[in-house]
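Chain naming here is simple, since letters A, B, ... match the order of the sequence lines and numbering starts at 1 in each.
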Protein chains: 2
Amino acid sequence: MKVTVRQIESFLGVAEAGNFSRASRRLSVAQPALSQAVKDLEAELGVRLFDRTTRRVELTEAGREFRSSAGKALEDLQLAVSRTRDLAERRRGRIRVAAPPLLAAVVLPYAIAAFRERHPGITVELVDVGTEQIVEAVVSGRADCGLGTFPPGEDGIERVTLMRDTLMLFCGYQSPFYAATTVRWHELGGHPLITLTRDSGIRLLVEVGFETVQLPMKPAYEVTHITTALALAEAGLGISVLPTYALVAARHHKVAGKLLVDPGIAREVVLIHASGRSVSPAVSAFSTVLRRYAQKLTPRETN
Amino acid sequence: MKVTVRQIESFLGVAEAGNFSRASRRLSVAQPALSQAVKDLEAELGVRLFDRTTRRVELTEAGREFRSSAGKALEDLQLAVSRTRDLAERRRGRIRVAAPPLLAAVVLPYAIAAFRERHPGITVELVDVGTEQIVEAVVSGRADCGLGTFPPGEDGIERVTLMRDTLMLFCGYQSPFYAATTVRWHELGGHPLITLTRDSGIRLLVEVGFETVQLPMKPAYEVTHITTALALAEAGLGISVLPTYALVAARHHKVAGKLLVDPGIAREVVLIHASGRSVSPAVSAFSTVLRRYAQKLTPRETN
DNA sequence: AAGTTCCGATCAATTAATACGATAAATCAA
DNA sequence: TTGATTTATCGTATTAATTGATCGGAACTT
């Protein structure tokens with residue numbers, strides 16, 4: 001036979017109550033069960049833990065010593081259990097998110113704010129890597145999940161679509177496009193263009209767009225941040241082609257976002273996590289919040 | 001259901017082995033038992049502890065965290081168990097012995113030395129109290145056991161007879177008694193007497209002896225320690241009436257111990273411990289050693 | 001001192017938990 | 001694809017735990 005948690009709980013209960021019957025009520029077990037459990041524990045330890053007559057129950061010296069050490073150990077164990085339950089119930093945890101700079105700067109702050117409100121015990125860390133390293137970071141375990149657009153067929157990751165991200169035209173109120181509902185790519189010719197720098201995934205898509213309508217792309221300005229691009233557009237210094245999620249940042253600028261068609265260029269923003277590894281409760285909660293948040297970002301202009 | 005020690009041991013075993021089958025061999029259980037135990041534990045915690053396929057088993061993040069905290073708690077628990085077993089098996093412990101000064105000085109040092117050889121892990125403390133307070137010290141719990149001679153009918157104590165202690169005459173080689181086998185009380189008249197001080201229990205018995213044969217007791221010397229009395233006797237300064245156990249101390253002196261008869265005055269030296277309270281393993285071991293040691297002290301001169 | 005009242009230990013029967021063996025399902029390697 | 005290996009599942013048997021009833025002993029009351 002071996003020492004069990006129940007035996008120790010029984011022992012501690014009796015020691016606390018100083019009385020088998022009272023302890024049996026507190027622990028919601030039958031009194032013989034306690035007698036038996038304590039007896040078994042004593043047999044296992046080879047020593048009497050209580051001096052008991054039918055009227056008095058008190059700890060022996062061995063009992064006192066065992067009570068303090070075993071009681072502490074049991075508390076530690078229960079703490080370990082309850083902390084793990086906290087993980088399971090999303091009261092605690094940590095998420096490391098790998099995201100490309102633009103998403104990290106534009107979408108994530110709002111999403112994280114919403115997430116923290118729902119799950120204040122879970123900390124979110126941003127893993128700052130370049131766009132190409134996101135998959136690697138997730139597969140290697142340096143990040144728990146990743147955001148972005150990835151070519152299909154990547155190995156070792158699972159993907160969840162967050163939103164369909166369409167290229168849009170952003171312009172200030174001075175712009176001739178300001179009144180339009182939709183804008184066609186070939187109309188962009190001749191207007192001063194504000195683009196993102198070459199290391200951005202968006203920039204590539206914009207180049208594809210211009211190529212498709214066979215217009216030369218001559219950036220008037222090259223900026224790193226979407227907000228900079230929006231500020232320049234607001235100031236009437238040019239127009240900019242940006243992803244849908246720039247709308248979030250555009251709320252604080254006097255700029256309008258117009259659907260860009262012919263061709264409509266879209267990509268999927270997905271959340272990825274390593275396949276094989278189980279999804280931690282924290283990540284699954286984060287995924288839920290992100291999906292919900294992404295729905296709110298879906299452009300109303302498409303309807 | 002509740003978290004059990006077995007579940008955690010199963011979990012730790014699998015985590016260590018990295019493999020259910022190997023762990024089942026190490027833990028000497030069937031493999032399905034491990035599957036079940038881990039499954040139950042996961043259900044209890046609400047979280048997956050292993051990412052497992054049929055080929056690979058590795059800890060999840062929650063599993064790693066739980067492993068370190070629960071593992072440590074379980075170790076503490078097992079340490080508590082094994083330390084309590086040490087108590088039971090007399091590898092560890094503490095005894096507080098209350099004994100009157102003479103017994104403490106003459107008998108106990110040897111007895112304790114013998115005891116320490118047998119039970120090196122158990123420490124023996126001497127509770128230094130006057131003869132009258134020994135019972136009280138044991139009953140109150142300040143001492144685990146007591147030595148001495150006590151009037152019958154004391155309440156709340158159990159007694160174990162260690163030895164029958166007879167008054168003997170101790171004299172140096174110059175003494176006319178040195179060649180005798182037994183000595184009678186009335187022969188003592190006129191010889192210079194070395195006695196113990198009045199606070200000794202022995203002194204009382206000696207006085208009883210002299211009264212019985214109606215001789216006046218005129219101490220030539222009053223000393224505190226038995227060894228002093230023996231030294232004086234060795235120097236030929238007088239004779240001394242001492243208990244049997246003074247023979248132990250007499251081995252280092254050139255003195256002889258003679259049976260004193262007419263009347264033979266004896267008392268029982270007993271070991272006492274509190275009734276009601278259980279006897280700790282250490283005390284019972286001490287009692288055993290003391291009894292054995294006391295047998296060796298039984299005077300050969302009585303035969 | 002005798003009766004009363006608690007309280008822990010024990011008993012017997014039921015119920016729940018656990019283990020085991022056999023087998024199915026899944027994965028990786030050749 | 002096959003073969004080997006490993007985990008999960010299922011049914012059965014064994015073991016342990018729980019329960020209610022009862023016994024026996026200690027302290028309090030009268």
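In this structure, CG of Leu34(B) is placed 13 Å from C1' of dT6(D), rounded to the nearest angstrom. Atom CD of Gln7(B) and atom P of dT18(C) are 7 Å apart (whole Å). Note: NZ (Lys2(B)) to P (dT18(C)) measures 13 Å, nearest angstrom. The nearest whole Å value for the distance from the CG atom in Asp40(B) to the P atom in dA16(C) is 16 Å. If you take CG of Asp51(B) and P of dT7(D), they are 14 Å apart, rounded to a whole angstrom. Rounded to whole Å, atom C1' of dA21(D) lies 16 Å from atom CD of Gln36(A). For Glu44(B) and dT18(C), the CD to P distance is 11 Å, given to the nearest whole Å.
Using a 4.5 Å heavy-atom cutoff, the side chains of Leu290(B) and Leu147(B) are in contact. Residues Glu136(B) and Val129(B) have side chains not in contact (no heavy-atom distance under 4.5 Å, counting atoms from C-beta outward).
The ring-ring contact (aromatic ring centres under 6.0 Å, His included) pairs that include a residue from residues 126-156 of chain A number zero, where partners must be two or more places apart or lie in different chains. Evaluation of the side chain to side chain donor-acceptor pair (under 3.5 Å) test over residues 63-79 of chain A, restricted to residues two or more places apart or in two chains, returns Glu9(A)-Gln78(A), Glu65(A)-Arg92(B).
Listed by residue number, the members of residues 13-27 of chain B with any heavy atom below 4.0 angstrom from DNA chain D are Asn19(B), Phe20(B), Ser21(B).
More than 12 heavy atoms of other residues, nucleotides or ligands lie within 6.0 Å of CZ in Arg90(A), so this atom counts as buried by the packing criterion. Atom CZ of Arg118(A) is surrounded by 12 or fewer heavy atoms from other residues, nucleotides or ligands within 6.0 Å.
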Working for side chain to side chain donor-acceptor pair (under 3.5 Å), residues Arg291(B) and Ser287(B): CA-CA 6 Å; Arg291(B) 264 203 310 280; Ser287(B) 171; 3.0 Å; yes
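No donor-acceptor distance shorter than 3.5 angstrom exists from the side chain of Arg48(A) to the backbone of Ser280(B), with no hydrogens or angles considered. A donor-acceptor contact shorter than 3.5 Å is absent between the side chain of Thr131(B) and the backbone of Pro100(B).
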Summary of protein contacts for nucleotides 21-30 of chain C, nucleotide by nucleotide, where a base hit scores B, a sugar-phosphate-only hit scores S (4.0 Å, heavy atoms): BB---BBS--
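For the helix from dA1(C)-dT30(D) to dA30(C)-dT1(D), the end axes, each set by the C1' atoms of five terminal pairs, are bent relative to each other by 30° (nearest 10°).
In terms of phosphate contacts, Arg6(B) brings no side-chain nitrogen or oxygen within less than 4.0 Å of OP1 or OP2 of dA17(C). An OP1 or OP2 oxygen of dT7(D) is reached within less than 4.0 angstrom by no side-chain nitrogen or oxygen of Lys39(B).
Taking only side-chain atoms of Ser35(A), from C-beta outward, the nucleotide of dG8(C), dT9(D), dT18(C) with the closest atom is dG8(C).
Distance check: Leu74(A) CG to Leu79(A) CG gives 11.5 Å after rounding to the nearest 0.5 Å.
Residue Ala33(A) is classed as a base contact, given a heavy-atom separation below 4.0 Å to a base.
Evaluation of the side-chain contact (heavy atoms from CB on, under 4.5 Å) rule for Arg26(B) yields Glu16(B), Ala17(B), Arg22(B) as partners, not counting sequence neighbours.
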